[in-house]
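Single-structure report; data block below.
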Amino acid sequence: MYPAPFQYYRPDSLQEAIRLLTKFGDEAKVLAGGQTLLPMLKMRLGDMSHLIDIGRLPGLSHIEQKGDTIHIGALATHADIAASDVAKTIPLLSDCGGGIADKQVRNRGTIGGGLSVADPSGDWPTGLHTLDTTVVCVGPAGERKVAIADFIIDSYTADLQDGELVTEVQIKVPPANSGGAYLAFKRAAPAYPTSTAAVQLTMDGDICKDIRMALGASASKAVVCEEAENALRGQALTRENLEKAAALIVAASEPPADARGSEAFKRAMLLSIVIEAAERALARSKGEEIKGGHRYA
Amino acid sequence: MPSSVQPVTVEVTVNGNKYRREIEPRMLLVEFVREELGLTGTHIGCDTSYCGACTLLLDGKPIKSCTALAVQADGCEIMTVEGLEKDGQLHPLQSAFSEHHGLQCGYCTPGMLMSSYSLLQENASPSRDEICKGIAGNVCRCTGYQNIVKAVDAAAKQVQEG
Ligand SMILES: Cc1cc2nc3c(=O)[nH]c(=O)nc-3n(C[C@H](O)[C@H](O)[C@H](O)COP(=O)(O)OP(=O)(O)OC[C@H]3O[C@@H](n4cnc5c(N)ncnc54)[C@H](O)[C@@H]3O)c2cc1C
Ligand code: FES
Ligand code: FES
């Protein structure tokens with residue numbers, strides 16, 4: 001299968017990429033890792049006659065910690081992030097990046113692409129909702145920083161203005177005694193997840209000082225629920241308390257019945273994985289090492 | 001190629017040999033390798049990014065060549081299944097697939113071999129679970145995977161023993 005013909009550009013600077021993107025507007029598409037765009041173009045979905053390959057733009061593949069902030073370039077691949085030192089600092093990043101699709105896709109797909117696509121079952125949008133995450137966008141009008149919750153507007157809709165590109169993702173390093181985990185259930189490695197859950201928390205002894213939870217593939221964007229989080233702040237994370245909070249956030253979700261499962265099946269799955277993600281987050285906050293975030297047959 | 005589209009030049013090194021071709025930008029890497037270079041070991045299975053039959057190594061990393069443009073590989077090193085055999089000697093993975101009945105129709109085999117090869121490069125003695133994860137992006141309709149996992153395990157041991 002071939003995409004429809006297009007003109008190909010490989011700009012060598014960000015400015016040139018933005019200039020081309022601005023010039024061609026709706027007739028242009030940006031190519032990063034191609035793991036969403038190429039399958040779409042092969043199926044002839046979406047009209048496009050100018051392809052702007054940003055895959056080799058310099059200075060956009062970094063993964064580093066500066067002070068209390070982690071900086072991840074938009075072109076950093078899922079695989080590189082999972083294998084990086086920053087994923088040791090924030091294990092949720094390793095859960096997310098290390099489990100997306102399969103190895104071949106993780107070697108190509110990028111975090112900038114994963115956020116720009118804003119697929120409700122995509123792993124990065126949901127995982128990053130529980131961290132203090134800012135998306136850096138650069139366009140003809142300069143740089144803009146957007147909090148993740150504002151960047152992901154709706155299903156397949158990100159807050160990208162005309163001619164704008166995501167250049168970096170910035171994540172605040174969580175305070176001491178924090179832990180997080182991301183869990184996804186999917187039918188096979190290269191399948192998009194059926195249900196996902198992310199939890200990031202900070203403990204003060206046995207008491208939960210702060211917690212953020214998010215569910216994915218369960219509405220048009222990541223599901224968050226203040227009521228559920230408030231039910232756990234200042235409390236011990238007993239199984240009973242976790243079950244109560246999990247029921248609250250699952251009640252706020254709207255998992256669609258589709259080929260991946262019925263609504264009832266998905267609600268049951270969400271309930272179990274959000275509790276397990278919280279338990280893993282808690283264990284990690286105490287320094288336990290737990291690996292893996294995606295389950296499949 | 002439609003006259004309105006500018007062709008692109010692609011230079012790659014495949015299994016140690018250099019190639020240079022002028023192609024249409026929309027040409028997929030798998031088509032380039034098969035049609036332009038005549039290396040038909042790399043298969044097209046699903047053509048929709050799922051099955052992994054088209055797996056080859058781009059700069060040492062396994063990717064699905066049906067989900068990459070040939071022009072994205074410009075200037076890169078590629079290794080295809082044809083690059084496994086050295087001086088008429090099968091790679092230990094290839095011998096092990098044969099010995100352990102790790103294939104039936106053989107359609108998935110080039111991709112399985114390239115994913116397994118990459119796995120052994122990173123991890124010389126993978127556990128059963130690590131082998132399963134390493135080939136999770138490759139679908140086989142015939143074998144039920146058991147013998148593929150056995151073959152990769154046997155090859156890993158053979159490489160280790162030298
Ligand atoms: C078989 C398969 C299974 C998959 N399973 C999963 C999964 O389980 N979970 C998951 O999260 N993802 C999954 N993916 C998608 C994968 O993670 C993609 O890598 C990701 O969604 C897009 O990143 P990319 O770099 O490949 O983007 P591309 O495909 O190159 O681009 C996608 C879109 O984003 C835009 N874009 C890309 N980068 C930028 C940028 N820096 N600034 C502005 N716009 C940009 C492009 O213009 C395009 O419209 C899967 C993909 C495949 C092929
Ligand atoms: S042919 Fe490329 S993944 Fe199936
Ligand atoms: S041997 Fe037939 S598909 Fe694997």
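Letters go in sequence order (proteins before strands), and every chain restarts at 1. Computed over heavy atoms, backbone and side chain alike; hydrogens, waters and symmetry mates excluded.
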- Item | Best-contacting candidate, B:Val30, B:Thr55, B:Thr48, B:Ile44, against chain A by heavy atom pairs under 4.5 angstrom | B:Thr55

- Does any heavy atom of chain B fall under 4.5 Å from the side chain of A:Ala101, the backbone, both, or neither of them? neither

- A:Leu51, part contacting chain B, at a heavy-atom distance under 4.5 Å: side chain

- Task: Determine the interplanar angle of the A:Phe185 and A:Phe265 rings, folded into 0 to 90°, and report it as parallel if under 30°, tilted if 30 to 60°, perpendicular if over 60°.
- Result: perpendicular

- Item | Carboxylate-amine/guanidinium proximity below 4.0 Å for A:Arg284 and A:Glu279 | no

- Query: Considering only heavy atoms, which portion of A:Lys103 lies under 4.5 Å from any heavy atom of chain B: side chain, backbone, both, or neither?
  - Reply: both

- Message: For a quick check under 3.5 Å, do A:His62 and A:Glu168 share a side-chain donor-acceptor pair by atom type?
- Response: yes

- Message: Any carboxylate oxygen within less than 4.0 angstrom of a Lys/Arg side-chain nitrogen, looking at B:Glu161 and B:Lys157?
- Response: no

- Task: Look at the rings of A:Tyr182 and A:His294 and say which category their plane angle falls in: under 30° parallel, 30 to 60° tilted, over 60° perpendicular.
- Result: tilted

- So which part of B:Ile135 gets closer than 4.5 Å to some heavy atom of chain A, the side chain, the backbone, both or neither? neither

- Could you look at A:Arg10 and say if it's the side chain, the backbone, both or neither that has a heavy atom under 4.5 Å from chain B? side chain

- Query: Can you tell me if A:Tyr9 and A:Asp53 form a side-chain donor-acceptor pair at under 3.5 Å?
  - Reply: no

- Regarding A:Asp119 and A:Ser121, is there a side-chain donor-to-acceptor distance under 3.5 Å anywhere? yes

- Message: Report which part of A:Leu31 has an atom under 4.5 Å of a heavy atom belonging to chain B: side chain, backbone, both, or neither.
- Response: side chain

- Query: Looking at A:Pro39, A:Gly33, A:Gly34, which has the largest count of heavy-atom pairs under 4.5 Å with chain B?
  - Reply: A:Pro39

- Query: Checking heavy atoms, do the side chain of B:Cys66, its backbone, both or neither come under 4.5 Å from chain A?
  - Reply: both

